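The block underneath contains the structure these notes are about, expressed in structure tokens.
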2 protein chains.
Amino acid sequence: MAEDQHEKDGRADEWRDVRTDTDRLSELFWSVARQLRHSSREALAPWDIAPSHSRALAVLMHHQALRLSELSDHLHIAPRSTTDVVDGLQERGLIDRMPDPHDRRAMLVSLTDEGHRVGTAIRAARDADAERFFGLLSEDDRADLARILQTLRR
Amino acid sequence: MAEDQHEKDGRADEWRDVRTDTDRLSELFWSVARQLRHSSREALAPWDIAPSHSRALAVLMHHQALRLSELSDHLHIAPRSTTDVVDGLQERGLIDRMPDPHDRRAMLVSLTDEGHRVGTAIRAARDADAERFFGLLSEDDRADLARILQTLRR
DNA sequence: CCTCATAGTGAGCTTGCCTCACTACTATTC
DNA sequence: GAATAGTAGTGAGGCAAGCTCACTATGAGG
């Protein structure tokens, strides 16, 4: 992987002059995204949990009970997809489904004790991973990066 | 989508104090990645071409002929997956497959005239999109971002 | 009461990858 | 110069993570 990356850089020399600097930024950005994705996949490995499940778990960590549709909103995925995610977490005993007492159409999703335990451990692992990844940067660079990303987001 | 983003920001206030700054950077990074992905998906829309196809096309734009396995390496995907990508591009008439004269096991993949035309147009669209996306930043910020991403990559 | 809207889910599709096993071929070794 | 070992591509089939469409059960407003 790393070798390919270097080879790619080498080849880029041939045509660097015809590329805009913003185009180069895209490429760099995705390259870093890949690194970050691999890094956090490793961080999650000990729990053998899918990224989509970990994301849902993270959302549920700071809501004692959410409707399935609310969870969808937080995850930015379709309600039908959330059903599957919730199925998976329930199979693993990490969450409970219960009917909403105020609306018998709706389902409330909440963490089990085990879900809370695993969620906490995963959050710690993710924090540590982020620290390992972005810790390479100086304090100033991290501040700059945060500011710049803030600008790009919207 | 944009609304969800804002709502998420709002909720984040509740617990910002318990998060490390590097964790915040991860979140920001992925948020921007999402924007960038959506933006480039839109940029590609006029050609109705899948991202995986566009990536392969981009690689082929600066090699007159590649073995399928070499294309795999450039794309960082398994050879079997490359077969499918190449199938797709061939169906659309954007590339030609021909047996390697030096090794009858191997296949050489190269752009057709149409493939070259479409590849060029897509590159222009992607450049324009990158410019639109990163153009929000000052010259200095772009330089800083490039430098910082460079540091993070590897 | 009747109509319309909403919450969740079954069925089935799509994208973009993967592994495993196989065929056709090349390279090596005895 | 045959046997063996390795390599290039691909068929078969799988998986993750999303999607839409259509349906049921329920709620809400006239």
Side-chain angles (χ1 to χ4, degrees), chain A residues 1 4 30 33-34 37-38 40-41 44-45 47-60 63 65-92 95-110, chain B residues 1 4 30 33-34 37-38 40-42 44-45 47-60 65-92 95-110:
Chain A
M1 281 290 184
D4 294 339
W30 287 123
R34 234 167 55 116
R37 194 172 58 248
H38 288 170
S40 61
R41 190 161 52 80
L44 248 55
W47 288 273
D48 187 36
I49 200 163
S52 66
H53 288 178
S54 132
R55 255 169 275 146
L57 222 47
V59 168
L60 289 168
H63 298 276
L66 276 183
R67 283 192 179 192
L68 194 140
S69 56
E70 292 175 316
L71 183 52
S72 298
D73 292 343
H74 283 286
L75 295 174
H76 310 290
I77 62 179
R80 184 57 182 86
S81 307
T82 308
T83 295
D84 285 342
V85 171
V86 166
D87 284 350
L89 290 170
Q90 194 171 26
E91 259 171 43
R92 284 171 123 79
I95 60 146
D96 269 339
R97 255 190 185 99
M98 49 184 255
D100 185 336
H102 304 311
D103 185 341
R104 290 193 299 165
R105 293 169 302 179
M107 281 304 220
L108 290 181
V109 178
S110 60
Chain B
M1 278 295 183
D4 294 339
W30 287 123
R34 232 168 58 116
R37 194 173 59 247
H38 288 170
S40 61
R41 188 160 54 80
E42 268 176 49
L44 248 53
W47 287 274
D48 187 35
I49 200 165
S52 66
H53 289 176
S54 132
R55 256 169 274 146
L57 222 48
V59 168
L60 289 168
L66 275 183
R67 282 192 179 191
L68 194 140
S69 55
E70 293 175 315
L71 183 54
S72 298
D73 292 344
H74 283 287
L75 296 173
H76 310 291
I77 62 178
R80 184 57 183 85
S81 307
T82 308
T83 295
D84 286 341
V85 171
V86 165
D87 284 350
L89 290 170
Q90 195 172 24
E91 257 171 46
R92 283 170 124 80
I95 58 147
D96 269 338
R97 256 191 184 97
M98 49 183 255
D100 184 337
H102 303 310
D103 185 340
R104 290 193 299 166
R105 292 170 303 180
M107 280 306 220
L108 290 181
V109 178
S110 60

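The figures here come from the full heavy-atom set of this structure, side chains too, leaving out hydrogens, waters and symmetry mates. Order of the sequence lines sets the chain letters (A, B, ...), proteins ahead of strands, with each chain counted from 1. Quick caveat, the model's predicted, so the values are computed rather than measured.
B:H74 places none of its side-chain heavy atoms less than 4.5 Å from the side chain of B:T82. Annotation: side chain of A:M107 is not in contact with side chain of A:T83 (no heavy-atom distance under 4.5 Å). Side-chain contact between A:R67 and A:D103: present, with at least one pair of heavy atoms (C-beta onward) separated by less than 4.5 Å. A:E70 is not listed as a side-chain neighbour of A:V59, based on a closest heavy-atom distance of 4.5 Å or more.
With D:dA8, C:dA7, C:dC17 as the choices, the nucleotide that has an atom nearest any side-chain atom of A:A106 turns out to be C:dA7. Among C:dG16, D:dG18, D:dG27, the nucleotide with an atom closest to any side-chain atom of B:P51 is C:dG16. The side chain of B:I77 lies closest to C:dC18, out of C:dC18, D:dG9, D:dA17.
Per the geometry, CG belonging to A:D100 stands 19 Å off P belonging to D:dA25, to the nearest Å. Between A:H76 atom NE2 and D:dA17 atom P the separation is 17 Å, expressed in whole Å. One can place CZ of A:R92 at 13 Å from C1' of D:dA16, the figure rounded to the nearest angstrom. As rounded to whole Å, 9 Å separates atom C1' of C:dG8 from atom CZ of A:R97.
Contact of A:R105 with C:dT6 (side chain to base): a donor-acceptor pair of N or O atoms is detected under 3.5 Å.
Two residues, A:D103 and A:R80, neighbour DNA chain C, and the one matched to the more 5' nucleotide by heavy-atom proximity is A:D103. Residue B:T83 is the one, among B:T83 and A:H102, whose nearest nucleotide of DNA chain D lies closer to the 5' end (criterion: closest heavy atom). Closest-nucleotide positions on DNA chain D for A:R104 and A:T82 were compared, and the one nearer the 5' end corresponds to A:T82.
Heavy atoms of A:S81 sit under 4.0 angstrom from at least one base atom.
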